[in-house]
2 protein chains.
Amino acid sequence: MVNQQKDTETKILDAAKDVFQQKGMTGARMQEIADKAGINKALLHYYYRTKEKLFEKVFNIAFSIFIPKMQEIMLSEKPVFEKIEFFIDNYMDLLTKHPYIPGFVINELNRNPQILVNIFEKNIQIKENKLFEKFDAQIQAEVQKGIIKPIDTRNLMTNVIGLIVFPVVARPIIQGIMFDNDKKQYDAFLKQRKDFVKEFIINSIKV
Amino acid sequence: MVNQQKDTETKILDAAKDVFQQKGMTGARMQEIADKAGINKALLHYYYRTKEKLFEKVFNIAFSIFIPKMQEIMLSEKPVFEKIEFFIDNYMDLLTKHPYIPGFVINELNRNPQILVNIFEKNIQIKENKLFEKFDAQIQAEVQKGIIKPIDTRNLMTNVIGLIVFPVVARPIIQGIMFDNDKKQYDAFLKQRKDFVKEFIINSIKV
DNA sequence: ATACAGTTTAACCATTTGGTCAAAATTAGG
DNA sequence: CCTAATTTTGACCAAATGGTTAAACTGTAT
C-alpha cells in the first residue's frame, strides 16, 4: 500500500531527524529512532539500509533547508542594504523554526568534513551558481559608487551569518552565563536581536 | 615513582583531549585514547574511573582555558574600545592555539546543558565575580558620556564573541563554500580578520 | 478463494565497548 | 636485599549496538 509506505518513511525521517540532531551521528541509537517512530528496528533497515545512509538523508535535508532562501535573496535585484536586512529577517525566522540544524551541521562537518564534498557532488547547483561571485560583484560595485565603505565580501558574509547563527548555536553557554538560564528571556533576546543586528551591520559599513 | 605517575596522567590527558575534542564524548573510544597514550586500556580506568569522569576532566580543562583571560580583560581599567581590541587580539590568538575547543564545548553543551551547572558549582568565581555587571556598568557609563552609542551590553558581547568564534567553529563549511577548501587561504583569512573585526565593531558603536 | 508482492515483526547474531580483576612488573623504603 | 605499596598489563565479561533473517501479516489483482 503506497500510502502506508509514504507514511512509514515520513515517520522514520521525522524520528531520525529528532534523534540525530539532538545526539549527533555517533550518539544516536537506531533503537531510539525506531521507538520514536513507533516501529520495529528491522524496519529502519528495510527502508534505509544502514545507519550511515539514514544519517546522510537527514543531514542532506537539514542542509537543504538553509540553501534555497540564501540563493533567492543573494541573487535578487535588491541593493546590498536591503539584501542584508532581508537576509537577517528571513534567516532568523528560519532559525526559530529549526534551531538545532546549525549546531548539528557544524558539529557533523567538524567530525567529517568530507560530507560537504558529497553534498557538492549531488547538488552542483550550489557551487555552479557563482553565487559568491555575483554577490561580490554587487558589493564592490556599491563600494565604487560610494554607497558602502570598502569591504571584503567574505568578511562581510562571515559577519552577517555569524551574528545570526552564533547566538543560536552557542545558546546553552550564552543563556547560562548572561541570562541566568532563563529560557523565555533568551527567546526574547533572540527576537529583539533582529533589528539590533541589522543596525549593527549597516552602521558599520555605511559611508 | 611520583614522576612516572605524573607522566602517565599527562599522557592520558593529552590523548583524551585529542580524541574527545575531535570525536566528542559519544564518538570517543577508550581504546583509542589508550592507544594514543601508549598504555593499556585498564590503566585509563585506574587513573580515571569512568569514561564520564575522564571526559569531565578534559571538558573542564578546555573550558578553563578561555575564562581567565576574559576576566582579566573585562575587569581591567581600560576604556571600552581598548578592551574590545585587546579582547579580540587575545582571543583570536588563543583560538589559533586551540581551534577545536569552542566547537567541542558548544557541541557537548548542546548535548547536555547540565555540564555548565556543574562547572558553576565547582568554580563559583565565574558567576560570583559580577563580571557582567561591572562590564555593563562601564558600557553604560561610556554611553552616558557620549563615547559610544546607546547599546545593550549583552548584544554587544554576543557580537564580539560571535565574530571571533564563529569563523573557527564553522570553519569546514565556510572554508568549503567560500575558500574552495584551501586551508592556507583560510588561515590567512583568519589572521587578517583580527583588524577587520576590530574596525567592524568600533565603526558600529562609536558615536 | 488464491496467489503474489510489499510490509512488518520477533528472534538472533557478531562485534564493539566500557569496565573489571588477578597477576605481573616496578618502585620506594627499611 | 627484601618487603610492601604502587603501577601496569593481559585476559576476560556483560551489556549495548548495528545489522540480518525467516516467518507472519496486509492489501490487491486474478
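Side chains are part of it too, since the values below use all heavy atoms of this structure and drop only hydrogens, waters and symmetry mates. Chain naming here is simple, since letters A, B, ... match the order of the sequence lines and numbering starts at 1 in each.
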### Query
Within this structure, what is the OH-to-P distance between A:Tyr47 and D:dG19, rounded to whole angstrom?
18 Å
### Task
Verify the distance criterion only: is there a donor paired with an acceptor across the side chains of B:Gln140 and B:Asp136 at less than 3.5 Å?
yes
#### Entry: Set of salt bridge (Lys or Arg N to Asp or Glu O under 4.0 Å) partners for B:Arg193, sequence neighbours left out
none
### Task
In whole angstrom, give the distance that lies between atom CD1 of B:Ile39 and atom C1' of D:dT8.
9 Å
### Task
Would you kindly say whether A:Gln22 and A:Asp18 are connected by a side-chain donor-acceptor distance under 3.5 Å?
no
### Message
Angle between ring planes, B:Phe104 versus B:Phe59, binned at 30° and 60°: parallel, tilted or perpendicular?
### Response
tilted
### Task
State whether A:Thr8 places a side-chain N or O below 4.0 Å from either non-bridging phosphate oxygen (OP1 or OP2) of C:dT7.
no
### Task
Let me know the distance between NZ of B:Lys53 and P of C:dG18, rounded to the nearest Å.
16 Å
### Message
With a 6.0 Å cut-off on the ring centroids, do A:Tyr186 and A:Phe189 count as close?
### Response
yes
Got a list of protein N/O to nucleotides 11-13 of chain D N/O distances below 3.5 Å?
none

### Task
Establish, from distance only, whether the side-chain atoms of A:Gln192 and B:Asp152 form a donor-acceptor pair under 3.5 Å.
no
### Task
Send over the distance from B:His45 NE2 to D:dT7 C1', rounded to a whole Å.
16 Å
### Query
How long is the line joining OH of A:Tyr46 and P of D:dA23, in whole Å?
17 Å
### Query
Atom CD of B:Glu52 and atom P of C:dG18: how far apart are they, to the nearest Å?
12 Å
### Message
Less than 3.5 Å apart, any donor N or O on the side chain of B:Asp180 or B:Gln175 sitting next to an acceptor on the other?
### Response
no
### Salt bridge present between A:Glu72 and A:Lys69 (N-O < 4.0 angstrom)
yes
### Task
Nearest whole angstrom, please: distance from the P of D:dG10 to the CG of B:Leu44.
13 Å
#### Entry: Crowding at CD, B:Glu85 (>12 non-hydrogen neighbours, <6.0 Å)
yes
### Message
What is the separation between atom CG on B:Leu43 and atom C1' on D:dT6, rounded to the nearest whole Å?
### Response
11 Å
#### Entry: Residue-level proximity of residues 24-34 of chain B to DNA chain C when a heavy atom falls under 4.0 Å
B:Ala28, B:Arg29, B:Met30
